[in-house]
Amino acid sequence: MAWLILVISGAMETAWAIALEKTEGFSKPMATAIFVTTLILSMAGLGYALKFIPVGTAYAVWVGIGAVGTAAVGMIWLGESSSPARIACLLLVVAGVVGLKVFQ
């Protein structure tokens with residue numbers, strides 16, 4: 001259960017990162033509300049997972065999921081570069097996250 005919560009928390013990290021950009025300096029109330037809500041959910045889930053998963057592993061997985069998710073959203077929906085080299089680097093991060101789970 002802790003791993004599932006950690007993965008969901010990583011997805012919430014993606015959501016708050018995208019929402020943060022959309023707040024335009026916290027001048028957009030709806031984007032700001034989404035940012036605050038997803039930030040709280042993300043941190044709460046990470047905090048729960050830390051009861052069962054070592055901090056180094058949990059934090060690295062959480063950040064990895066958030067980073068890959070945010071980069072993927074940027075490439076798919078926000079028109080950011082999606083070069084083969086960039087995708088390969090993101091796949092290396094995914095491999096690292098999977099490896100941390102497998103070798104925990």
Side-chain angles (χ1 to χ4, degrees):
M1 186 64 162
W3 279 97
L4 176 62
I5 298 296
L6 183 61
V7 169
I8 293 168
S9 296
M12 289 294 103
E13 184 187 3
T14 296
W16 69 251
I18 297 301
L20 179 59
E21 189 268 332
K22 298 295 183 186
T23 68
E24 296 180 17
F26 300 107
S27 65
K28 303 287 185 180
M30 182 58 77
T32 300
I34 292 169
F35 163 73
V36 170
T37 301
T38 54
L39 178 67
I40 290 168
L41 291 171
S42 180
M43 293 295 168
L46 176 61
Y48 172 81
L50 289 173
K51 292 180 181 180
F52 308 97
I53 302 169
V55 66
T57 300
Y59 186 73
V61 168
W62 180 76
V63 168
I65 291 169
V68 170
T70 303
V73 168
M75 289 187 285
I76 295 167
W77 287 298
L78 303 178
E80 295 178 8
S81 168
S82 59
S83 68
R86 189 167 186 206
I87 293 169
C89 290
L90 291 173
L91 290 173
L92 289 171
V93 174
V94 171
V97 166
V98 171
L100 287 170
K101 166 62 174 138
V102 170
F103 300 112
Q104 175 195 359

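Note: hydrogens, waters and symmetry copies are ignored here, and every other heavy atom, side chains too, is used.
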*Considering all heavy atoms of both residues, which atom of Ala31 and which atom of Ala19 are nearest to each other, and what is their separation?*
O-CB, 3.9 Å
*Look up atom CD in Glu13 and atom CG in Leu46, then write down how far apart they are to the nearest 0.5 Å.*
9.0 Å
*Please check if Val7 and Ile18 belong to a single hydrophobic cluster, counting links between Ile, Leu, Val, Met, Phe, Trp and Tyr side chain heavy atoms closer than 4.5 Å.*
no
*Which pairs count as side-chain hydrogen bond (donor to acceptor under 3.5 Å, both in side chains) when at least one residue sits in residues 89-104, sequence neighbours excluded?*
Trp3-Gln104
*Between Leu6 and Leu100, is there a shared hydrophobic cluster once you connect ILVMFWY residues whose side-chain heavy atoms come closer than 4.5 Å?*
yes
*Hydrophobic cluster identity match, Leu39 and Tyr59, side-chain contacts under 4.5 Å*: yes
*Is there a side-chain contact between Lys22 and Ile34 (heavy atoms, below 4.5 Å)?*
no
*Do Met75 and Ile87 have side chains that get closer than 4.5 Å, going by heavy atoms?*
yes
Pair up each side-chain donor or acceptor in residues 61-71 with any protein partner under 3.5 Å, not counting sequence neighbours, and list the distances.
from: Trp62; atom 1: NE1; to: Ser9; atom 2: O; distance (Å): 3.4
from: Trp62; atom 1: NE1; to: Ser42; atom 2: OG; distance (Å): 3.0
from: Thr70; atom 1: OG1; to: Gly66; atom 2: O; distance (Å): 2.7

*Under the ring-ring contact (aromatic ring centres under 6.0 Å, His included) rule, what pairs show up with a residue in residues 36-58, not counting sequence neighbours?*
Tyr48-Phe52
*asked:* Can you tell me how far apart OG1 (Thr23) and CE (Met30) are? Round to the nearest 0.5 Å.
replied: 13.5 Å
*Tell me whether Leu92 is reachable from Val94 by hopping between hydrophobic residues (I, L, V, M, F, W, Y) whose side-chain heavy atoms are closer than 4.5 Å.*
no
*Minimum heavy-atom distance between Pro29 and Ser27, given as atom pair plus value*: CD-O, 3.5 Å
_Using the rule that Ile, Leu, Val, Met, Phe, Trp and Tyr join whenever any side-chain heavy atoms are under 4.5 Å apart, tell me whether Trp16 and Trp77 fall into a single cluster._
no
